[in-house]
Amino acid sequence: MSAEPAGPGPGDSRSAGEFLVGLDIGGSHTRGILFHGGTPVREARAGSANVQNVPAEQAHACLRSVLSQLHAAPGTPVVAGSGGVDTAHDAARLAGLIRSAGCLGPSASVTAVHDTRLILAAGAHTSGIALIAGTGSVAWGVDTSGREVRAGGWGYLLGDEGSGYWIGREAVRRVLRRSQQPAAGNAGEALTRVVLEHAGVTEPADLIGAFHNHPDRPHWAGLAQPVCELAASGDAVASELTAVAAEHLAELVLTVAGAMAEPLPVVVGGGLTGSAVGLHVAALLREQGLSVTLLDREPVLGAPLLARCAPG
């Protein structure tokens, strides 16, 4: 990433209007980029600032950390994408939290949208279907007339099937089931080893307490990566689990696509994109005749396109 121009700081005479802050507020991390003329010039990261996942105080602290690292001048506009921005009230709440967390000032323009919009924009589309396959899961589509359709995105207590958290929880459940079936044989042995190591315990029975005593979404979603790696190595049990996850995610996209009156491109983003799950999702959707892009860039890079398309 280019380091010049470095962006306005305190006392800088350059106009804040030349700059844009993009924020991608995910279930595990918050990513920020300062753009100058659409070009990234500075980046920052912190923990999740999604108030659905963390207390408001923690979200505020993470946003403050990211904004301070970016050194954005007062008045710099912001485009922020986050899970849970489902209503105008949600958007206004997030915008207020962002304004209160940084030095942007009360006059700064803050556009808060659902994070699927960032993914679609990062794929260079203003209409299409975005699938988030990360800590959580959701599909969202918008056609050329502006009509929107959504599937999933209910959060881990009600849904998020196929997500990183779902994979982590299901992996734990499979290990527990295996431990109660003495005749299971070697099937699932590798998955058991991976899950126990991630949880920091030595016996499957200890997983029950570990899961309930430490119900941290990003922690258990972190199991998705080693499970996907195990599937990629040919492990049958992990492969079956990731295949089910991919089917859940593909179903979200197909639900949205079926409600649209026109064929739309699909952009898949999130932490599972390049994994065995993401590859399987793409294959399933292509079998249905859909055009699929597995996003190979950070969703926050879609912020300039969203800023250009914003009303007014």
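Index from 1, following the sequence. Since we're looking at a predicted model, the values are computed, not measured.
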Would you find a donor on one side and an acceptor on the other, under 3.5 Å apart, between the side chain of Ser48 and the backbone of Gly26? yes
Between Cys228 and Ala276, which heavy-atom pair has the shortest distance, and what is it? O-CB, 4.0 Å
Closest approach of Ala307 and Leu20, non-hydrogen atoms and distance? CB-CD2, 3.9 Å
Under the side-chain contact (heavy atoms from CB on, under 4.5 Å) test against Val266, which residue among Leu254, Leu294, Leu290 passes? Leu290
Verify the distance criterion only: is there a donor paired with an acceptor across the side chains of Ser65 and Gln69 at less than 3.5 Å? yes
Is there a donor-acceptor pair under 3.5 Å between the side chain of His60 and the backbone N or O of Leu97? no
Flag yes if more than 12 heavy atoms outside Glu197 fall under 6.0 Å of its CD atom; otherwise flag no. no
Would you call Arg217-Asp160 a salt bridge at under 4.0 Å N-O? yes
When the ring centroid of Phe211 is compared with that of Trp220, is the distance short of 6.0 Å? yes
Taking Asp115 for its side chain and Gly83 for its backbone only, find out whether a donor-acceptor pair lies under 3.5 Å. yes
Would the number of heavy atoms belonging to other residues, nucleotides or ligands and lying under 6.0 Å from NE2 of His198 be above 12? yes
What heavy-atom pair brings Ser127 and Pro265 nearest, and what distance separates the two atoms? O-CG, 3.8 Å
Are Val277 and Ile129 co-members of a hydrophobic cluster defined by side-chain heavy atoms under 4.5 Å apart? yes
Can you say whether the rings of His248 and Trp166 are parallel (under 30°), tilted (30 to 60°) or perpendicular (over 60°)? perpendicular
Is the closest side-chain heavy-atom distance between Leu223 and Val172 below 4.5 Å? yes
Please tell me if the side chains of Arg117 and Glu148 come closer than 4.5 Å, counting only heavy atoms from C-beta onward. yes
Between Glu161 and Ser137, a side-chain donor and acceptor under 3.5 Å: no
Shared hydrophobic cluster, Leu241 / Tyr165 (ILVMFWY, side-chain heavy atoms < 4.5 Å): yes
Under-4.0 Å salt bridge between Glu298 and Arg45: yes
Strictly by modelled atom types, are Thr116 and His114 linked by a side-chain donor-acceptor pair under 3.5 Å? yes
Taking every non-hydrogen atom, the tightest pair across Ala190 and Asp235: CB-OD1, 3.7 Å
Kindly give the heavy-atom pair with the smallest separation between Pro226 and Val194, and that separation in Å. CB-CG1, 3.6 Å
Should we count CD of Gln225 as having more than 12 external heavy atoms under 6.0 Å? no
Using salt bridge (charged side-chain N to carboxylate O under 4.0 Å, His left out), reason through Glu43 and Arg31 one step at a time and then give a plain yes or no. CA-CA 7 Å; Glu43 64 179 335; Arg31 299 169 177 85; over 6 Å; no
Between the side chains of Arg174 and Glu170, is the shortest nitrogen-to-carboxylate-oxygen separation below 4.0 Å, so that they form an ion pair? yes
Main-chain N/O of Val138 paired with Arg150 side-chain donor or acceptor, under 3.5 Å: no
Asp90 (side chain) donor-acceptor with Thr87 (main chain) under 3.5 angstrom: yes
Quick check: is Leu264 connected to Leu284 through a chain of hydrophobic side chains (ILVMFWY, heavy atoms under 4.5 Å apart)? no
State whether the side chain of His71 and the backbone N or O of Ser68 hold a donor-acceptor pair below 3.5 Å, judged by distance alone. yes
Of all heavy-atom pairs between Leu249 and Gly162, which one has the smallest distance, and what is that distance? CD1-O, 3.5 Å
Treating Ile, Leu, Val, Met, Phe, Trp and Tyr as nodes and any side-chain heavy-atom pair under 4.5 angstrom as an edge, say whether Val149 and Val267 lie in one connected cluster. no
With the 4.5 Å side-chain cut-off for hydrophobic clustering, are Val175 and Val227 part of the same group? yes
Would a distance-only check, ignoring hydrogens and angles, find a side-chain to backbone donor-acceptor pair under 3.5 Å from Thr30 to Gly47? yes
Is there side-chain contact between Leu252 and Val256, with heavy atoms separated by less than 4.5 Å? no
